[in-house]
Amino acid sequence: MKLAPWNGTDIALLLQLQAQGPGCWRNAFGDPNKNGRAYGGQLLGQALMAGLLEAPADRPPSMMQFLFLQGALHDEPIDFTVTPLQDGKRFTSRHVRGAQAGGRMVLDAQVTCAAELASPTHEQPCAAPPGEHATDLPAMQDLPADLLQGIESLGGYSQDMKASVDFRVPDARRQILALDRQPRLRFWLRAASPLPNDPRVHAAAFAYLSDWWTNFASLALHRADLGARRLYIASLNHAIWLHRPPRVDEWLHFDCESPGSMRGRGLSIGRVHDAQGRLVASVTQECLLAYAD
């Protein structure tokens, strides 16, 4: 069975799942990456949505821990099986597994929802300088061509941008070329099209967006040293913590740093704020990062 083509822009449509029975859901659309597999954000967003569809609608998601087990085929359906792990006074947790034809397991995730409680509060401030606005920054397609030339050496990265996301990089020459040799990338990101006013859709859409360029913080400073070599990159595991309900069709600021890359793996950690400077989420991603030859 082959999936119908997705229009490439409507994230809410991509995240729609069809009930197949108790605790079982199936996607109707896939989103290909440059390696001919399903984009990791598709798996993240659809897995979170499957977990939320089996949780109380009035309990917002707080966390997802996710394992990429095998590359998923973007044009074949994924069957998501959801089982309860916890149904408590404060927390609801669901185990989500995704398989393709022949029982080929492609993902494993734990989704948790949490009741809001009165508590002490603190948060790290946004790293964007005062007065920086995403709409004042050039879109990626408007950047000088030399900034992205040769970026294909970094695994699945390319000069092409997804039509589903609006992506802006401040001080793009310094950051993309890693002129300061720092394992860091900060950027602004939002869904390119409006989303329905459904907190579950926005949470799952955030999971979709959270895979976009997050691991570039682990890669950029190595680009100048590659020469003719190429890197093989693949996402291994991913986690998101939602501190506030995100609004994903409005600008979000990602500040991603890599504490280290070694022995074939790189780790990136991101803090995500909204345009008002409020901490919305934290993200981590570990990727396979090795020479391709």
Side-chain angles (χ1 to χ4, degrees), residues 40-41 44 61-64 119-144 147-148 151 154 157 161-162 165-192 202-203 205-224 233 235 237-261 266-287 289:
L44 292 164
S62 60
M63 180 278 293
M64 179 170 70
S119 69
T121 299
H122 76 274
E123 58 190 87
Q124 292 285 342
C126 183
E132 180 177 280
H133 302 289
T135 50
D136 296 333
L137 302 171
M140 292 298 283
Q141 60 267 28
D142 297 327
L143 292 175
L147 290 192
L148 297 178
I151 202 169
L154 300 180
Y157 285 85
M161 295 291 125
K162 280 193 174 294
V165 302
D166 195 346
F167 176 53
R168 313 289 175 97
V169 180
D171 198 2
R173 180 169 296 276
R174 177 186 62 80
Q175 291 211 93
I176 293 175
L177 298 180
L179 297 180
D180 55 5
R181 304 290 291 176
Q182 294 298 311
R184 183 184 180 192
L185 180 73
R186 65 177 192 88
F187 53 89
W188 293 89
L189 190 63
R190 66 177 177 182
H202 281 267
F206 177 81
Y208 172 88
L209 289 186
S210 70
D211 193 47
W212 184 252
W213 279 58
T214 297
N215 65 21
F216 193 79
S218 298
L219 310 175
L221 77 166
H222 302 292
R223 183 178 169 193
I233 308 297
S235 299
N237 55 74
H238 193 101
I240 61 175
W241 293 266
L242 294 171
H243 311 302
R244 289 183 169 95
R247 184 79 200 187
V248 180
D249 49 9
E250 298 178 359
W251 287 110
L252 296 170
H253 180 269
F254 284 68
D255 184 13
C256 301
E257 294 184 276
S258 175
S261 172
L267 178 65
S268 296
I269 301 172
R271 294 196 299 266
V272 185
H273 293 77
D274 62 18
Q276 291 72 47
R278 298 176 298 182
L279 182 66
V280 172
S282 299
V283 177
T284 64
Q285 185 174 89
E286 184 185 41
C287 66
L289 193 167

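Residues take their numbers from the sequence shown, with the count starting at 1.
A donor-acceptor contact shorter than 3.5 Å links the side chain of Arg244 to the backbone of Leu279. Distance alone, capped at 3.5 Å, is enough to place a donor-acceptor pair between the Arg181 side chain and the Leu221 backbone. At least one donor-acceptor pair closer than 3.5 Å links the side chain of Ser258 to the backbone N or O of Leu267. In this structure a side-chain-to-backbone donor-acceptor pair under 3.5 Å is present from Gln175 to Arg186. Checked by atom type and distance alone, the side chain of His273 pairs as donor or acceptor with a backbone atom of Gln124 at under 3.5 Å.
With contacts defined as side-chain heavy-atom distances shorter than 4.5 Å, the pair Asp255/Arg184 qualifies. Counting only heavy atoms from C-beta outward, the side chains of Val169 and Leu143 never approach each other to under 4.5 Å.
Every residue meeting the ring-ring contact (aromatic ring centres under 6.0 Å, His included) condition with His253, not counting sequence neighbours, appears here in chain and number order: Trp188. Every ring-ring contact (aromatic ring centres under 6.0 Å, His included) that Phe187 has, sequence neighbours left out, goes to Phe167, Phe254.
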Cut-off 3.5 Å, no hydrogens considered: what does the side-chain donor-acceptor table look like for residues 133-140, sequence neighbours left out?
none

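Closest non-hydrogen pair, Val280 versus Asp274, comes out as CG2-N, 3.7 Å. Among all heavy-atom pairs drawn from Glu123 and Gly277, the shortest one is OE2-O, 4.1 Å. Nearest heavy-atom pair across Leu185 and Ala217 is N-CB, 4.1 Å.
Rounding to the nearest 0.5 Å gives a distance of 13.0 Å between CE of Met63 and OG of Ser282. Expressed to the nearest 0.5 Å, how far CZ of Arg174 lies from CD of Gln182 amounts to 9.0 Å. Note: Asn215 CG to Ile233 CD1 = 6.5 Å, rounded to the nearest 0.5 Å. Rounding to the nearest 0.5 angstrom, the gap separating the NE2 atom in His238 from the OG atom in Ser268 is 10.5 Å. We find the CG-NZ distance between Leu209 and Lys162 to be 11.0 Å, quoted to the nearest 0.5 Å. In this structure, SG in Cys256 is found 9.0 Å from CD in Gln285, a value given to the nearest 0.5 Å.
Between Phe206 and the choices Leu44, Ile240, Leu189, the side chain to side chain contact (heavy atoms under 4.5 Å, CB included) rule is met once, by Ile240.
Taking a cutoff of 4.0 Å between a charged side-chain nitrogen and a carboxylate oxygen, Asp249 and Arg247 qualify as a salt bridge.
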